[in-house]
Structure formats: C-alpha cells, structure tokens
There are 2 protein chains.
Amino acid sequence: MPLAPLFRPIDVAPAYQKVADAIEREIVNGRIKPGDPIGTEHDLVRQFGVNRSTIREGIRVLEEGGLISRDSSRRLHACLPRYTKLASRLSRALVLHEVTFRELYEASMTLEVASIEGAVERATEENLSELTDNLARSEAVVGDPAMLAECDAEFHVLVAKASQNRVLQLAREPAAQLFYPTTEMIVTGVAEGGPRLVAAHRHLIDAIRRRDREAGVLWTRRHLQDWRRGFEKIASLDRSVEHMYMEHAQAARRR
Amino acid sequence: MPLAPLFRPIDVAPAYQKVADAIEREIVNGRIKPGDPIGTEHDLVRQFGVNRSTIREGIRVLEEGGLISRDSSRRLHACLPRYTKLASRLSRALVLHEVTFRELYEASMTLEVASIEGAVERATEENLSELTDNLARSEAVVGDPAMLAECDAEFHVLVAKASQNRVLQLAREPAAQLFYPTTEMIVTGVAEGGPRLVAAHRHLIDAIRRRDREAGVLWTRRHLQDWRRGFEKIASLDRSVEHMYMEHAQAARRR
DNA sequence: TCTGTCCCTTTGTCCGACAAAGTTAGAGCG
DNA sequence: CGCTCTAACTTTGTCGGACAAAGGGACAGA
C-alpha cells in the first residue's frame, strides 16, 4: 500500500540559484525596469548576505538569460532580452534535436506566410523604406552568394518586423536562422538563384505597398518553393540540420 | 590617409566565457553527445588551466542555456535542451517586451492551425491515445478551472507533438505558455466556457482521427475564437501581457 | 539480501588577495 | 571660471586555499 503523501518536497535550491531567482523576480514583476541599475557585486553581497563567488554565479545565470547585462563600464543593469540572441539558443536546440529540413521548410511556410499577411495589412512607410533599402543592397550584391544570403535573411526579418507582431517575429526567428546558411549554398550552386531571389523580394515589396494580400502570399510561397527546389538539388529535405551549420548561427549570435 | 588594417581585432573575452564557448562548441559540433559526461570541476580546472571559480561561472552559463545539466549525483553531462525550458525564456522576453494579447492571439491562430494540419496529416495511434487520455482527464475536471486550464495547455502541446514537426512545436510554445493563465480566468468567469472547451477538444480529436483537415482547422479556429470572446469579456485584446502572468510561467518552468 | 559504517570524491560556499580597467575627486593651468 | 591631467578609489575578473555537506563505493554484519 503506497504511503499517503504526508510531506511536500522541500524547496532546496543552491544559494546562487536563489540569488538569480530573486533578481529575476524583481525584473519580471516590473519592480526593476529595463535599464535600471542593479547594484555592484559588493552591494549584492551585502544585500543577500552571501559570498561574492555565489553572487557572481547567480549573475552569470541571469546574464545568459538576457535579463541583465553589463554596460561599457561593466556595471550591471536590467535589460530587455534580445530576440536574435534568444532565437539562436533555440536554433542551437533544434540542431541538437536533429530536426530535418522538411520540418524547417514546413514551419517556415506557415510562419513566413503569416508574416507577409501581417506586413501587407500593417506595414508602415518606414517599414517599406527599410525593405526597399534592403532590396537595393541585394541587387548590388547579387553576384556574391554570402552577401546575398545575408541580405535575404535581413529581408525576411524586416518583413516580420513590418507585421508589427512581435510574437510572430520571435517565433519565426529560430527557423530562419537555420535557413540562412543553406541560402548561400543554393545561390552558389544554382545559376539563376540570385536573380530569382531578388525578383521575389521585389514582388513582395510591391505586394506590401499595394496591400495585395493574395500576391504577398503567392510570392512568399514561390520564394520558399524556390528555396526548396534549390535545396533538393544538393541534398534531401529529410536530412537533419547538421552541426556544422551552427557555426554560422554562433557567429551571428556574437555579432 | 587611413592605416591599412594590419591587425585583426583580438578576441578578448573573459576566461569563464571562453570556457563556456569551448564546451559549447564541442557539444554543438557533436563531439560531445547528449548524455556524455563532462568531467568533474576539478578535471576542467586541469584541462583549461584556470581556477575552479572561473570554471564554475562557465558552467552556470551552459547550464542556464540547457546544454549541460547535473544528474542526481550532481555530476555534469551534456543534454538536449528541453523545449519548455527554452520556451519559458521566450515567454519571459515577450512579457518584458509588453506584447499585446492581440499579437498573441494572431500568432497563435497561425501556429495552432498549422499544428492541427500537421496532426491531421501525420498523427500516430499513440498520439491519438494520448489525446483521448487527455480528453478523459479534462472531462473529469471540467468544473475546476485551474485543472482544466492545465489540461487545455497539455492538449495543445499534444496536438503539436502529433504534427511530428518539432520546429512548429517549439515555435508555438512561448505564445502558448502565455495563454495558459488566461484560460483559467476565462473558464472561471464564463459559465459555459468549460464544456465548450472540452467539446472543441472532442471535435479536434475526431477530426484528427478521421484525417479531416477542414474540420480540424474549423474547430481550431472556433476554439481560439471562443478564447478571444471569453477574454474580451474581461479585458481588451490590446492590453499587454502583464508581469503578474509570469508567475505562472515561472512555476511551470520549474516543474 | 539488506543495512549500517567508513572513506574518498565532488559540489556548494566562504575567505582573502591582487592586477587591470573604470570612476571620481582634486590639483594645476589657461 | 572652465579645462585637462593625475592620483586615489572602486569594481570586476581571476586566483589560491579552505571546509562542510552530500554522494558513491567498498565492506562488514544481521
């Protein structure tokens, strides 16, 4: 006969974790606002009554989570976690889980279509000028696969931004980061890949400007299908995203 | 006349960061596989030639990122980052960025519809039995808003799982975690909310079983619109997700 | 087979220390 | 008076060593 649960598990956490939790709570509850200074390590030593080493371990945890960071003079302050940094954590996780390009493709089809729909509906003039600026730069580097791939990645970030939906922006980012390296490979390997990519971007901007949802969705689909066809010339969609791709993502995160 | 760039920028990072980066690289490159033991702190001290405090700070960084963890005996080993833990970081970020429920709703409409489409297409018998099991539990607690909200959250996780698309699974999770607390409030406030929720789940399972995509999409939309109607009875969609909701997410993360 | 004990290892925490880099206050100068 | 330069002072990153608590393993005894 199993024992009736007399006791709840005791909350026994290491001190550094408690320090991190306490500071996190203050930030997430809004009592410490982004930009507000956290004290110096010595201050925290006094406040929490633990050793500086312990404080420092707690700080590392929060720093990695993006909740606090150090300014130019290395003083601590709360800050808003940055999307790209968080997304690169997710990308890394997807790589480790060995997701396939098919999963990436399918999810992106959904997410990028949703982005363009939002952009068509709500893009501002500023969004449009950012996009046209990106297009101009893309046209200038259409012969350079590495640069073009970078422009392409930025283009889609800008589309998502134009959707004014930050949840969507964040949701699409991890998958997008894993796409990025393959775009370069495809543009390198497929002769008319570059021009087609730029043409698709042009049509997408046009659709956003005309608030033509159908066209936006259509050209997003085509754009992604182009990617897929290009990719299938060099590998199977059912291959898992490989570890080596992460080198790109790692470099991107540090930037 | 500007100087020709004689020197590359030196990579100047604190030692603890270099330790973390070095270990991360080995894991992400696959040379250390999930489950493999990392040495003891003393081993790492010897290998990197730095102080144990420095090693420990590096370890905290990786631990927070979910790349390594400690087993029952607190020994270090590499591990696969867990979706829910990563997603809660994102949820936290979304709260701090003060996203609105409208953004959450719109993104979820896209993501949950995509999930059900995948589930309809690819759900296995095991997925279905998990879902029906969840349904049974939901029916049992239809009068208890807190428990029902928990079941609802799990239901949608199971649907996403049934889509066999881990990218989608991961992408929907942050938004879903922010939904969860409101579901409880809505079911509490709206009399027929509980039964409607359970009925929707029943229809969704049915659609998956019959591989009826139209029905799946339809009922997902209805289910979300129900949430929206319920929510608008207690607050505006344009309100930002508030800090207090995070307490739920925090509790969930620890679990 | 199970249990209690002893020993060794490992982790979590603490203390004190120091160099390097940043900050602040004050002296010196125009 | 306002500006620059220098000399304290502070803070961070790193180091060395220390110790208690908890875990793991081996071993004896019931």
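All heavy atoms count here, side chains included; hydrogens, waters and symmetry mates do not. A note on names: the letters A, B, ... follow the listed sequences, proteins ahead of strands, and every chain is numbered from 1.
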Between protein and nucleotides 7-14 of chain C, what N or O pairs are separated by less than 3.5 Å?
from, atom 1, to, atom 2, distance (Å)
dT11(C), OP2, Glu41(B), N, 3.1
dG12(C), OP2, Arg56(B), NH1, 3.0
dG12(C), OP2, Arg60(B), NH2, 3.3
dG12(C), OP2, Arg70(B), NH1, 3.3
dG12(C), N7, Arg52(B), NH2, 3.4
dG12(C), O6, Arg52(B), NH2, 2.7
dT13(C), OP1, Ala15(A), N, 2.2
dT13(C), O4, Arg52(B), NH2, 3.0
dC14(C), OP2, Asn51(A), N, 2.7
dC14(C), OP2, Thr54(A), OG1, 2.8

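Inspection of the Thr182(B) and Trp227(B) side chains reveals an N or O donor paired with an N or O acceptor under 3.5 Å.
Using a cutoff of 4.0 Å between basic side-chain nitrogens and carboxylate oxygens, Arg239(B) and Glu103(B) are not scored as salt-bridged.
Remark: Thr183(A) pairs with no residue by the side-chain hydrogen bond (donor to acceptor under 3.5 Å, both in side chains) rule, at least two apart or across chains. In terms of the side-chain hydrogen bond (donor to acceptor under 3.5 Å, both in side chains) criterion, Thr188(B) has no residue partners (sequence neighbours excluded).
Counting to the nearest Å, the P atom of dC15(D) and the CG atom of Leu44(B) are 14 Å from each other.
Here the side chains of Glu63(A) and Val61(B) are not in contact, with every heavy-atom distance at 4.5 Å or above.
Applying the ring pair (Phe, Tyr, Trp, His ring centres under 6.0 Å) rule to pairs touching residues 65-89 of chain B yields His97(A)-Tyr83(B), sequence neighbours excluded. Contacts classified as ring pair (Phe, Tyr, Trp, His ring centres under 6.0 Å) and involving residues 16-58 of chain A (residues at least two apart or in different chains) are not found.
Axis angle, first five pairs versus last five pairs of the helix from dT1(C)-dA30(D) to dG30(C)-dC1(D): 20°, rounded to 10°.
Surrounding CZ of Arg82(A) are at most 12 heavy atoms belonging to other residues, nucleotides or ligands under 6.0 Å away.
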